[in-house]
Amino acid sequence: MSQSEKSVCDKKVFNELFDLNSESLRNYLYYQCGDLQQAEDLVQDAFIKLWKNCKKILFEKARGFLFKVAKNAFYNQVDHQKVMLKYAKRPQKNSNTETPEFQLEEKEFLERLQNAIANLPEGQREVFLLNRMDQMTYKEIAEFLGVSQKAVEKRMHKALVKLRKVVKNI
C-alpha cells in the first residue's frame, strides 16, 4: 500500500504513525519546554487531535500536523503561564500614592500597547513576545521557530517600527 492510500483512521496506520513520530515529537517538545511530563502530555493531546481529525489528514501530512498542533498547544500553555505570572507579579497598588490622572494615563498606555501588539502580524507578534517576554535571543527564537536568524531580526524590526508608530517610547 502506498503512503497516499493509507488512511490515518485505520488503527494500524495510526499506530504506525505513533511509533514513527511520538518519540521525536516528545523530544522536540521536551527541548522546548524542559519538562518531560508536559512534553508527554502535549504529545498525547496532539495524537488525540490527529485521531479526531483523521478523516481530514493525509498520511503524508500527519507528521507536520502533529508537530504544528503540539507546537501551538505549547505556545498556548506558555501564553497562559505568562498571563498568570504577570498577574502574580502585579504589585498591589496603593491608590494613595498615585493620582487618578496618572492611573488613567497608565491604563490608556497599557491598552494602546496591548492593542498594538495584538494587531501585529502573527510572525512579528510571535518574535516580539518571545524576545521581550521570554527573554529569548534571536538565535534561540530562530531555532525554536525553524527560521533563519535574519528572518527573526527582520520580523522584530518590522514589529518595533509598527509599535513605535502606535505607541511612543517602546
Side-chain angles (χ1 to χ4, degrees), residues 1-87 113-163 166 170:
M1 182 185 292
S2 71
Q3 288 190 352
S4 62
E5 297 172 0
K6 292 182 176 179
S7 170
V8 178
C9 295
D10 182 5
K11 191 175 180 180
K12 284 185 179 179
V13 173
F14 188 82
N15 287 338
E16 180 185 340
L17 279 170
F18 184 83
D19 292 340
L20 286 173
N21 298 299
S22 64
E23 187 174 336
S24 61
L25 182 57
R26 186 203 61 205
N27 290 341
Y28 168 76
L29 293 167
Y30 175 66
Y31 299 147
Q32 300 299 321
C33 67
D35 182 346
L36 187 59
Q37 185 62 46
Q38 182 184 9
E40 289 175 346
D41 289 346
L42 288 168
V43 169
Q44 184 177 355
D45 291 345
F47 275 96
I48 290 171
K49 200 162 194 169
L50 177 63
W51 182 254
K52 288 181 178 175
N53 294 292
C54 68
K55 291 180 182 172
K56 301 175 195 168
I57 309 298
L58 299 174
F59 178 82
E60 55 271 6
K61 303 278 185 180
R63 181 178 170 84
F65 176 83
L66 287 167
F67 276 76
K68 185 75 172 182
V69 165
K71 183 177 147 185
N72 288 342
F74 173 65
Y75 281 141
N76 288 340
Q77 288 182 354
V78 169
D79 287 344
H80 180 69
Q81 288 172 347
K82 283 181 198 172
V83 170
M84 289 176 29
L85 288 173
K86 185 178 174 182
Y87 185 76
L113 179 60
Q114 289 173 344
N115 286 336
I117 292 171
N119 289 330
L120 288 173
E122 183 180 341
Q124 293 173 17
R125 183 177 56 246
E126 186 176 52
V127 167
F128 178 80
L129 291 174
L130 286 170
N131 179 258
R132 297 303 162 107
M133 299 301 288
D134 289 346
Q135 307 297 318
M136 292 174 73
T137 64
Y138 292 169
K139 185 178 179 182
E140 291 170 337
I141 294 169
E143 290 172 3
F144 183 70
L145 297 177
V147 297
S148 70
Q149 187 172 336
K150 248 336 188 195
V152 171
E153 291 172 5
K154 192 172 181 177
R155 289 178 186 178
M156 186 62 155
H157 174 74
K158 286 182 175 181
L160 290 174
V161 167
K162 287 181 182 175
L163 290 175
V166 178
I170 289 183

Any chance you could measure [X], atom [atom1], to [Y], atom [atom2], to the nearest 0.5 Å?
X: Asn115; Y: Leu120; atom1: CG; atom2: CG; answer: 11.0 Å
X: Leu66; Y: Leu17; atom1: CG; atom2: CG; answer: 7.0 Å
X: Gln81; Y: Asn76; atom1: CD; atom2: CG; answer: 11.5 Å
X: Tyr28; Y: Cys33; atom1: OH; atom2: SG; answer: 10.5 Å

*Carefully, step by step, assess Met156 and Arg132 under the rule side-chain contact (heavy atoms from CB on, under 4.5 Å).*
CA-CA 10 Å; Met156 186 62 155; Arg132 297 303 162 107; 3.4 Å; yes
*Please lay out, stage by stage, how Tyr30 and Gln38 fare under the test side-chain contact (heavy atoms from CB on, under 4.5 Å).*
CA-CA 8 Å; Tyr30 175 66; Gln38 182 184 9; over 6 Å; no
_Just checking Lys158: does its NZ atom have more than 12 heavy atoms from other residues, nucleotides or ligands closer to it than 6.0 angstrom?_
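Open.
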*Heavy atoms from other residues, nucleotides or ligands near CD of Glu23 exceed 12 (cutoff 6.0 Å)*: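 Open.
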Any side-chain to backbone donor/acceptor pair from [X] onto [Y]? Under 3.5 Å, distance only.
X: Asp134; Y: Met136; answer: no
X: Arg26; Y: Ala39; answer: no
X: Glu140; Y: Thr137; answer: yes

Under a 4.5 Å cut-off applied to non-hydrogen side-chain atoms, are [X] and [Y] in contact?
X: Leu58; Y: Val8; value: no
X: Lys82; Y: Leu129; value: yes
X: Cys54; Y: Phe14; value: no
X: Leu145; Y: Val127; value: yes
X: Phe128; Y: Met133; value: no
X: Phe67; Y: Leu25; value: yes

If you take all heavy atoms of [X] and [Y], which pair is closest and at what distance?
X: Val147; Y: Val152; result: CG2-CG2, 3.7 Å
X: Leu20; Y: Ser24; result: O-OG, 4.2 Å
X: Arg125; Y: Ile117; result: CD-O, 3.3 Å
X: Leu42; Y: Ala73; result: CD2-CB, 3.6 Å
X: Arg155; Y: Gln124; result: O-CG, 3.6 Å
X: Phe59; Y: Lys6; result: CB-O, 3.7 Å

*Sequence neighbours left out, what passes salt bridge (charged side-chain N to carboxylate O under 4.0 Å, His left out) with Lys150? Give chain and number order.*
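Counting only residues at least two positions away or on another chain, Lys150 forms a salt bridge (charged side-chain N to carboxylate O under 4.0 Å, His left out) with Glu153.
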Output side-chain donor-acceptor pairs under 3.5 Å for residues 44-53, partner residues at least two apart or in another chain, one line each.
unit_1	atom_1	unit_2	atom_2	d
Asn53	OD1	Lys56	NZ	3.4
Asn53	ND2	Lys49	O	2.8

*Can a donor-acceptor pair be found between the side chains of Asn131 and Gln135 at a distance below 3.5 Å?*
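Per modelled atom types, Asn131 and Gln135 side chains form no pair under 3.5 Å.
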